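First up is the structure itself, then whatever we jot down about it.
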Amino acid sequence: MNRKTYRNWLIILMAMAMFLLSACSSKPAGNTESSAAAETINETTAATDSSAESAQPAAADSEAAESSAETSDAETSEAAETSEAAETSEVTETSETAAAEEPAPAEKNGEIYILFTSDIHCGIDQGFGLAGLYQVRQTLENQGYTTLLVDDGDAIQGEPIGTLSHGETIVRLMNDMGYDVAIPGNHEFDYGMDRFLELTGMAEHPYISCNFTKNGEPVFDPYVIKEVCGQKIAFIGVTTPETITSSTPAYFQDENGNYVYSFSQDETGEGVYQAVQSAIDSARAEGAQLVYVMGHVGLEEACHPWTYADIIANTSGIDVFLDGHSHDTEQVVMKDKDGNEVVRSACGTKLANIGYSHISAEGEVLETGIWSWPNKTSATALLGLDNEMTIKVTEALEELNETMKTVVATSTVDLTIYDPEVKDDYGNKIRMVRRAETNMGDLVADSLLYMTGADVAIMNGGGVRTDIYKGDITYGDIIKVLPFGNELTVIEVTGQQLLNALEWGCRAIPSEFGGFLQVAGMTYEVHSYLDSPCQENEFSMCVGYEGEYRVKNVMVGGEPLDLEKTYKVAGSSYTLLSKGDGQTAFEGCTVLEEGNRIDNAVLIDYITQKLNGQIGADYADPYGQGRITIVEEAQ
């Protein structure tokens, strides 16, 4: 084990061991519970020394660079032994009970740890949890390091605690955590623009973004410079232009439907590259010695030309790129446009990982990577953490608990948005609901169809957010599936409009796309061996179709789709009216129903009324009921 890896293992292990010792003071140092817990922590790094592999992703197709992540079972075993030694050195036995005394904080050593989170999605008690994050930060401070804590977006949405407070509870907790800076992710806007700006006013940390503008003027400062331990560190924010369509497009428009907000988008990506480069140059001119880009851009092909690889390859002067949006954990070293190496680090979602970047007293970036908590049980629960954030999180959850714990149904099957068998190359679950049929997608679409009596129902896969496991189903479980609270809508469209909508939804297959449509009352095939004919503008909005359609053999109610006939279509206001995910097929449609019910309430009614509170065999197959067929080769 090299010295840097050893040191970082020791930091994370000591953070967890400290509370085990204080909670179990009657046990001798080096107890087996602490050692066992230590073995559950993994470390992944993107090295910055000469041994690091360098990869140059092609900006043209947004291929992800090769990961330089390293995880070793041997290191895990050695780290467990280190845990025992660390615990022994921390304990002063004053009696037969071997009471543990926490050491006094060490003198500051001039070194800095930047800790970063991303895509928390309200998972405040999952993974490390905020209590685990707090403990890691305090341990580093006590060891003599100075810390900064930053967030790369998508913190306030994704769980009932965010939905029911419209993000306020999460902002309050971020204030309690002492975040130093944050950027908006695409889901920061899910409660509307006015609410988002209100929340940023509640925050005790600044929000930054170099490419978010209103009428051409910056909404936030493009960067901040933090002077720490005599070093000037610049943080530059950049948010994916995909935000306009992956949130609700109407939030970025004026009352006349004109776009007044922008993310510097264009078809080439140059608008974003220039915004980032301008911020880099300005920060350097102000004396910044290190430049960290905080990105919510990710690596998905559908986000080209705005992926992290696109931005790094078309700019210069970035030292480290802390990224979010795609929920990945890739640790990459690639070259910028001048041939200099840039570290890109992403830390997944729901606090399953804590990102870090270690800076020496001389201003050298020593190491950037993530600490991982791969267990289903959170660090807070498994290790019995009891600190300031444990109390804050507990209080927040108790406020929510009474209205969330009511059981409304039961299920004899697991309902999923993920592929139950296949994982990606990094062991992460694949969100099948955004590119193929799933039983959860079927259930949600069925609820929209049944509760409206429409001919067909469609639901964007990106709006179906989580699984429900067999057993009791609570109100909270259902809100987690449909956390956005979109309005149920019914419109009248032609068969051609419906076909166009399906075609746009399938444009990214075999890759995922939030606008992929789960359906009820109809079936269709996607011939994925054909190139997508969909055309889009600089706002990622559909503007037409050129070439052969990939969607074929569409059947509505058992009959072939008639392109001239009109159909009643049920769905969410996000897709049918607000052009969510760039869906423009329904422009000019006749609105038959709008604003009377919320989608998650509709799902509750369907389960309790139509299904009599019992979800069973009809939804047993995780791959659905055969409504969507992917044809991968020409027949």
Side-chain angles (χ1 to χ4, degrees), residues 301-302 415-422 430-446 448-449 454-464 491 493-536 542 544-571 575-576 581-586 618-635:
E301 184 176 350
L415 299 159
T416 186
I417 66 170
Y418 295 100
D419 194 306
E421 299 177 359
V422 181
I430 294 174
R431 293 184 291 194
M432 183 169 60
V433 74
R434 297 178 177 223
R435 59 183 177 185
E437 183 182 355
T438 77
N439 58 354
M440 178 64 85
D442 286 353
L443 178 70
V444 173
D446 284 346
L448 302 176
L449 186 68
D455 298 313
V456 298
I458 60 177
M459 180 67 198
N460 64 303
V464 185
I491 60 177
V493 303
T494 67
Q496 182 66 60
Q497 286 179 298
L498 185 55
L499 177 63
N500 290 347
L502 295 174
E503 188 66 40
W504 178 254
C506 296
R507 71 187 185 99
I509 289 176
S511 296
E512 67 174 44
F513 172 47
F516 177 79
L517 297 178
Q518 303 287 330
V519 299
M522 64 185 302
T523 62
Y524 67 97
E525 297 175 356
V526 184
H527 291 244
S528 60
Y529 57 87
L530 296 172
D531 292 334
S532 172
C534 296
Q535 305 295 306
E536 61 183 285
C542 180
Y545 313 85
E546 295 182 5
E548 183 177 355
Y549 279 36
R550 303 205 293 176
V551 174
K552 301 180 184 295
N553 299 322
V554 182
M555 306 289 286
V556 176
E559 299 291 331
L561 178 71
D562 185 338
L563 300 183
E564 302 298 325
K565 184 180 177 180
T566 57
Y567 297 90
K568 292 181 181 179
V569 178
T575 300
L576 301 189
D581 300 305
Q583 181 64 264
T584 60
F586 303 123
D618 287 345
Y619 297 99
D621 190 338
Y623 296 103
Q625 299 175 5
R627 303 174 187 181
I628 305 171
T629 302
I630 309 297
V631 181
E632 297 180 346
E633 298 180 356
Q635 304 298 312

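Please read all numbers here as calculations on a predicted model, not as lab measurements.
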Which pair of heavy atoms, one from [X] and one from [Y], lies closest together, and at what distance?
X      : Y      : result
Gln518 : Thr438 : OE1-N, 3.5 Å
Gly521 : Val456 : O-CG1, 3.7 Å
Gly505 : Phe513 : O-CD2, 3.5 Å
Thr494 : Tyr567 : C-CD1, 4.4 Å
Ala585 : Asn500 : CB-CB, 4.0 Å
Ala457 : Leu448 : CB-CB, 3.9 Å

Is there a donor-acceptor pair under 3.5 Å between the side chain of [X] and the backbone N or O of [Y]?
X      : Y      : result
Gln635 : Glu633 : yes
Arg435 : Pro510 : yes
Asp419 : Met432 : no
Glu512 : Arg434 : no
Trp504 : Gly515 : no

query: Taking atom types as modelled, is there a side-chain donor on Gln625 or Asp621 under 3.5 Å from an acceptor on the other?
result: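 Judged by distance alone, the side chains do not pair up.
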Could you tell me the separation between the [atom1] atom of [X] and the [atom2] atom of [Y], rounded to the nearest 0.5 Å?
X      : Y      : atom1 : atom2 : answer
Ile509 : Leu530 : CD1   : CG    : 12.0 Å
Leu561 : Gln496 : CG    : CD    : 8.5 Å
Leu576 : Ile491 : CG    : CD1   : 4.5 Å
Cys506 : His527 : SG    : NE2   : 10.5 Å

message: If you count heavy atoms of other groups shown closer than 6.0 angstrom to CG of Asp562, is the number above 12?
response: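 Yes, because the 6.0 Å sphere around CG of Asp562 holds more than 12 heavy atoms from other groups.
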Could you check if a side-chain atom of [X] sits within less than 4.5 angstrom of a side-chain atom of [Y], using non-hydrogen atoms only?
X      : Y      : answer
Pro560 : Met555 : yes
Leu502 : Val519 : yes
Pro420 : Tyr623 : yes

message: Which residues pass the salt bridge (charged side-chain N to carboxylate O under 4.0 Å, His left out) test with Asp442, not counting sequence neighbours?
response: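 Arg627.
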Residues that Glu536 engages under salt bridge (charged side-chain N to carboxylate O under 4.0 Å, His left out), provided they are two or more places apart: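 With neighbours one apart ignored, the set is Arg507.
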- prompt: Leu498 and Met522: side-chain contact (heavy atoms from CB on, under 4.5 Å), yes or no, with the steps?
  reply: CA-CA 11 Å; Leu498 185 55; Met522 64 185 302; 4.0 Å; yes
field: All pairs passing salt bridge (charged side-chain N to carboxylate O under 4.0 Å, His left out) where residues 546-557 contributes a residue, at least two apart
entry: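 Every salt bridge (charged side-chain N to carboxylate O under 4.0 Å, His left out) pair that includes a residue of residues 546-557, provided the two are not neighbours, is Glu548-Lys552.
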field: side-chain contact (heavy atoms from CB on, under 4.5 Å) between Met440 and Thr416, worked out
entry: CA-CA 5 Å; Met440 178 64 85; Thr416 186; 5.7 Å; no
query: Between Tyr524 and Phe516, how do the two ring planes meet: parallel, tilted or perpendicular, split at 30° and 60°?
result: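 Tilted, since the angle between the ring planes falls between 30° and 60°.
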message: Which label fits Tyr549 and Tyr545: parallel for a plane angle under 30°, tilted from 30 to 60°, or perpendicular past 60°?
response: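 If you compare the ring of Tyr549 with that of Tyr545, the planes turn out tilted.
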query: Would Leu517 and Gln583 count as a side-chain contact (heavy atoms from CB on, under 4.5 Å) if you check the C-alpha gap in whole Å, the side-chain angles of each, and the deciding distance to 0.1 Å?
result: CA-CA 11 Å; Leu517 297 178; Gln583 181 64 264; 4.3 Å; yes
